[in-house]
There are 2 protein chains.
Amino acid sequence: MFAALSSPVRLRILLWLLEPRAHFPEQQDGDLVDDGVCVGFITEKIGLTQPTVSAHMKKLAEAELVTSKRIGNWIFYRPQRKKLKILGNWLLCAADNSSVENSTK
Amino acid sequence: MFAALSSPVRLRILLWLLEPRAHFPEQQDGDLVDDGVCVGFITEKIGLTQPTVSAHMKKLAEAELVTSKRIGNWIFYRPQRKKLKILGNWLLCAADNSSVENSTK
DNA sequence: TATCAATATAGATAACTTTCTATATAGGTT
DNA sequence: AACCTATATAGAAAGTTATCTATATTGATA
């Protein structure tokens, strides 16, 4: 998870996905919030090639920070807010020294 | 910060530093909690060479996840709990950002 | 069925990271 | 001062990651 977040490109994309209406135009075939953002929009905004973006999205998905959903030709990526909250709480917990030594990573 | 945490070795070390009494023997010249843990202890426990550990500690320090303090010959590393809390809260905040949240927990 | 459009996969290359060995530095001790 | 001990820095080799171009896959459409 930290590895997935450690790339500035991926972190930027994830933050965009968390507030899709602030960063992307409306989509015809899928709702920005309910369905996610299509790869084409992300590719255009980040300014890298489409295969590179695909690879980044794969890593975010493997870390379960996003989920994907196909509608027609498009694949929509949506952030997994629950996962981010778990990570946030885990950090707070670790910072407070609450003798939790889990290694479920 | 995420880059610093993305190495399993560094994450492990940081978690040890957060609970030093659970993971290290007492030190003569510095208190495990108040002063931090010396590089020698960390090196022995992680099973890498001393220069490698030094490099890892440098990265953690550059990310301000630890601070260092010299006492005599030793350098003691102590975790920056405040920084971890800031990161944890930032993640929680980012996760909550957008308006609509489907509660499929 | 042939074609198109959106995304994924494969493979190559460059850049970065991790680790090591050897050596330097800085503080303490004799 | 000379030496010892703990940690840092330098430099090289190996492993990993990011990026590209070219191609494959998958679903929609004419």
Side-chain angles (χ1 to χ4, degrees), chain A residues 1-14 16-17 20 24-32 35-63 65-78 105, chain B residues 1-14 16-17 20 24-32 35-63 65-79:
Chain A
M1 231 159 149
F2 285 128
L5 293 170
S6 76
S7 149
V9 165
R10 283 192 296 269
L11 184 56
R12 215 163 147 217
I13 291 173
L14 184 61
W16 290 342
L17 295 188
F24 299 100
E26 267 313 311
Q27 294 170 140
Q28 292 95 325
D29 295 272
D31 183 78
L32 282 176
D35 300 311
V37 181
C38 71
V39 176
F41 279 9
I42 300 168
T43 298
E44 194 178 345
K45 196 172 173 78
I46 200 82
L48 295 168
T49 65
Q50 177 270 313
T52 298
V53 172
S54 254
H56 282 305
M57 298 319 294
K58 190 177 180 181
K59 290 209 169 170
L60 285 171
E62 277 164 2
L65 292 166
V66 303
T67 53
S68 66
K69 165 199 222 171
R70 159 163 247 143
I71 300 179
N73 260 336
W74 293 268
I75 309 253
F76 296 95
Y77 284 94
R78 203 160 49 83
K105 186 178 186 298
Chain B
M1 231 159 153
F2 285 126
L5 294 169
S6 76
S7 149
V9 165
R10 283 191 297 267
L11 185 56
R12 218 164 143 216
I13 291 173
L14 184 60
W16 289 342
L17 296 187
F24 299 100
E26 268 314 309
Q27 295 169 138
Q28 293 94 326
D29 295 273
D31 183 78
L32 282 177
D35 300 312
V37 181
C38 72
V39 176
F41 279 8
I42 301 169
T43 298
E44 195 178 344
K45 195 171 175 81
I46 200 82
L48 294 168
T49 65
Q50 178 269 313
T52 298
V53 172
S54 254
H56 282 306
M57 298 319 293
K58 190 178 181 182
K59 289 207 171 172
L60 284 171
E62 278 165 359
L65 290 167
V66 303
T67 52
S68 65
K69 165 197 223 169
R70 174 182 283 268
I71 300 179
N73 260 337
W74 294 268
I75 307 253
F76 296 95
Y77 283 95
R78 204 160 45 85

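Order of the sequence lines sets the chain letters (A, B, ...), proteins ahead of strands, with each chain counted from 1.
- Nearest to the side chain of A:Leu48, among D:dT19, D:dT21, C:dT21, sits D:dT19.
- For B:Phe76 and D:dT7, the CZ to C1' distance is 12 Å, given to the nearest whole Å.
- A straight line from CD1 of B:Ile75 to P of D:dA6 spans 13 Å, rounded to a whole angstrom.
- The CD-P distance, from B:Gln27 to D:dA6, rounds to 12 Å in whole Å.
- In this model, the phosphate group of C:dC20 is approached by a side-chain N or O of B:Thr49 to a distance below 4.0 Å at OP1 or OP2.
- Taking atom CD of residue B:Glu62 and atom P of nucleotide C:dC16, one finds them 15 Å apart after rounding to whole Å.
- Note on A:Ser7: only backbone sugar-phosphate atoms sit closer than 4.0 angstrom, heavy atoms only; bases stay farther off.
- One can place CZ of B:Arg10 at 9 Å from P of C:dT17, the figure rounded to the nearest angstrom.
- Looking at the side chain of A:Lys58, the nearest of the listed nucleotides C:dT9, C:dC20, D:dT7 is C:dT9.
- Protein atom CD of A:Gln50 is 7 Å distant from nucleotide atom P of C:dA8, rounded to whole Å.
- If you find the closest nucleotide of DNA chain C to A:Thr52 and to A:Trp74, the one lying nearer the 5' end belongs to A:Trp74.
- Counting to the nearest Å, the P atom of C:dT18 and the CG atom of B:Leu60 are 10 Å from each other.
- The residue among A:Pro51 and A:Val9 whose nearest nucleotide of DNA chain D is located toward the 5' end is A:Val9.
- Contact record, A:Ser6 with A:Pro8: O-CD, 3.5 Å, taken as the closest heavy-atom pair.
- More than 12 heavy atoms of other residues, nucleotides or ligands sit less than 6.0 Å from atom CD of A:Glu62.
- Here the nucleotide nearest the side chain of A:Asn73, chosen from C:dT7, D:dA28, D:dT7, is D:dA28.
- For the pair B:Asp35/B:Arg78, no side-chain contact is recorded, criterion being any heavy-atom separation below 4.5 Å from C-beta on.
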- Message: Between A:Gln27 and A:Cys38, does the side-chain contact (heavy atoms from CB on, under 4.5 Å) criterion hold? Intermediate values first, please.
- Response: CA-CA 8 Å; A:Gln27 294 170 140; A:Cys38 71; 3.6 Å; yes

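- When heavy atoms are screened at a 4.0 angstrom cut-off, B:Tyr77 is found touching the sugar-phosphate backbone but no base atom.
- Computed from coordinates, the A:Lys59 NZ to D:dT19 C1' distance equals 11 Å when rounded to whole Å.
- Atom CG in B:Leu11 sits 9.0 Å away from atom CG in B:Leu60 (nearest 0.5 Å).
- The side chain of B:His56 sits closest to C:dT18 out of C:dT18, D:dT19, C:dA26.
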